Amino acid sequence: MTVIDACRIEDESLHTMPAFSPLSLAFAPESDVINPTLQRILDYLCPCPAFIADRRCNIVGWNKAASAIMGSIGPIREEERNIVWLSFMKQEMRDLVVNWEDFAHDFLTIFRNYYGQYAGDPWYDEFTDHCAKINPQFTQLWQQGDHRTEPKTVRELNHPLAGNMRFEITSFQVYANADLRCCVYTPLPDSETELKMRQLLGSVS
């Protein structure tokens, strides 16, 4: 079973995590469609997992390699296809990422930057209040603020099928659309990660 396929299992299967209320449709992305050119770019990046998120950290585009790592993203409820929400509320995501707290901190930093940039958008307060009410760990990390000067550029994953994989992360704003950010996971050359990625892609084709 893949990571995000498992996210659709009933709440009682989430191991030690308590049952969390799902996000309402009020938190759905403003638009879940990206430019076809951007989708082609994501597809060309395989076997590097890559996704595009909007200014609210909603995943609005992804490639086959990202689905191979995270599971089938498409079936996730649109309003829950948010990288911050998935990071904190889904045990399967926490199990996937080694040093999960660093992972969560990095995405919270991006989210916090958008939060400040769009201070007049009530969505941000509503989303953070909702997360804080149902997950005390979100509150803890959110209140800590940003203390690190640089984000982690290497991410280690323990995939349920492929085992340990190591990636270098590149994150950048999409040209001519500052509200979109692309995140690319490039397999480290001194590991077997690229081979494992190709095997995973072959198994889901």
Side-chain angles (χ1 to χ4, degrees), residues 4 23 26-70 73-74 76 78-89 93 96-97 99-128 131 138 141-142 144-157 165-189 193 197:
I4 295 187
L23 284 176
F27 295 108
E30 296 172 303
S31 173
D32 62 348
V33 179
I34 62 170
N35 187 299
T37 299
L38 293 179
Q39 185 60 56
R40 287 197 298 273
I41 292 172
L42 291 174
D43 294 338
Y44 288 146
L45 286 170
C46 281
C48 297
F51 64 87
I52 291 176
D54 65 13
R55 66 184 180 92
R56 296 173 174 174
C57 292
N58 293 309
I59 300 173
V60 294
W62 59 90
N63 63 9
K64 186 178 178 181
S67 283
I69 288 295
M70 301 173 68
I73 298 174
I76 301 176
E78 182 181 349
E79 63 274 15
E80 295 187 359
R81 206 179 296 156
N82 181 289
I83 192 63
V84 175
W85 173 265
L86 292 173
S87 299
F88 281 90
M89 308 303 171
M93 183 69 76
L96 173 69
V97 182
N99 296 324
W100 169 85
E101 191 166 309
D102 287 337
F103 174 83
H105 262 300
D106 288 345
F107 279 109
L108 276 183
T109 297
I110 295 173
F111 184 83
R112 195 185 303 276
N113 289 337
Y114 283 128
Y115 183 96
Q117 184 177 354
Y118 295 95
D121 185 347
W123 182 94
Y124 290 92
D125 284 329
E126 293 169 4
F127 180 81
T128 54
C131 291
F138 174 88
L141 295 184
W142 181 254
Q144 284 180 7
D146 297 330
H147 301 297
R148 295 185 316 203
T149 57
E150 295 182 1
K152 299 290 185 180
T153 58
V154 174
R155 183 69 61 216
E156 185 176 357
L157 307 180
M165 293 190 286
R166 300 172 67 236
F167 299 88
E168 185 169 12
I169 304 173
T170 304
S171 179
F172 52 89
Q173 288 182 332
V174 173
Y175 178 71
N177 194 331
D179 285 347
L180 295 180
R181 176 172 290 272
C182 183
C183 187
V184 183
Y185 283 55
T186 304
L188 287 180
T193 301
M197 280 303 311

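Keep in mind it's a predicted model, so treat the numbers as computed, not measured.
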S.K.: Is the shortest side-chain heavy-atom distance between I59 and M70 below 4.5 Å?
M.R.: yes
S.K.: Consider side chain to side chain contact (heavy atoms under 4.5 Å, CB included). Of T37, L42, N35, which one does Q39 pass it with?
M.R.: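 Single pass found, and it is L42.
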S.K.: Under 6.0 Å between ring centres: does that hold for W123 and Y114?
M.R.: no
S.K.: Flag the pair M197 / I69 as yes when at least one side-chain heavy-atom distance between them is below 4.5 Å, and no otherwise.
M.R.: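 The answer is yes; the side chains approach within 4.5 Å.
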S.K.: Minimum heavy-atom separation for S87 and F103, please, with both atom names.
M.R.: OG-CE2, 3.1 Å
S.K.: What I'd like to find out is whether the side chain of I83 reaches to under 4.5 Å of the side chain of F111, using heavy atoms alone.
M.R.: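 Not in contact.
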S.K.: Mind checking whether V60 and I34 have side chains closer than 4.5 Å, heavy atoms only?
M.R.: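 When only atoms from C-beta onward are counted, I34 and V60 do touch, with a gap below 4.5 Å.
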S.K.: Is there a side-chain contact between N58 and R81, using heavy atoms and a 4.5 Å cut-off?
M.R.: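 No - every pair of side-chain heavy atoms lies 4.5 Å or more apart.
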S.K.: How many angstroms lie between atom CZ of R112 and atom SG of C57, to the nearest 0.5 angstrom?
M.R.: 11.5 Å
S.K.: For D43 versus W62, what's the shortest heavy-atom pair and its separation?
M.R.: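 Shortest heavy-atom contact: OD1-O, 4.5 Å.
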S.K.: Give, for atom CD1 of I110 and atom SG of C183, the distance between the pair rounded to the nearest 0.5 Å.
M.R.: 6.5 Å
S.K.: Can you tell which of Y124, Y115, F88 makes a ring-ring contact (aromatic ring centres under 6.0 Å, His included) with W142?
M.R.: Y115
S.K.: Give me the atom names and distance for the closest heavy-atom approach of R56 to N82.
M.R.: O-ND2, 2.7 Å
S.K.: Is the shortest side-chain heavy-atom distance between F167 and V184 below 4.5 Å?
M.R.: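 No - every pair of side-chain heavy atoms lies 4.5 Å or more apart.
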S.K.: To the nearest 0.5 Å, tell me how far R166 CZ sits from R155 CZ.
M.R.: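 It comes to 12.0 Å.
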S.K.: Any idea which heavy atoms bring P49 and N63 closest together, and the distance?
M.R.: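 Where P49 meets N63 most closely, the heavy atoms are CA-OD1, 3.8 Å.
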S.K.: Which heavy atom in C46 sits nearest to a heavy atom in A65, and how many Å separate them?
M.R.: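 For C46 and A65, the tightest heavy-atom pair comes out as SG-N, 3.6 Å.
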S.K.: So, taking the atom named SG in C182 and the one named CG in L45, what distance separates them when rounded to the nearest 0.5 Å?
M.R.: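 Rounded to the nearest 0.5 Å, the SG-CG separation comes out at 6.5 Å.
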S.K.: Compare all side-chain heavy atoms of T153 with those of I169 and state whether any distance is below 4.5 angstrom.
M.R.: no
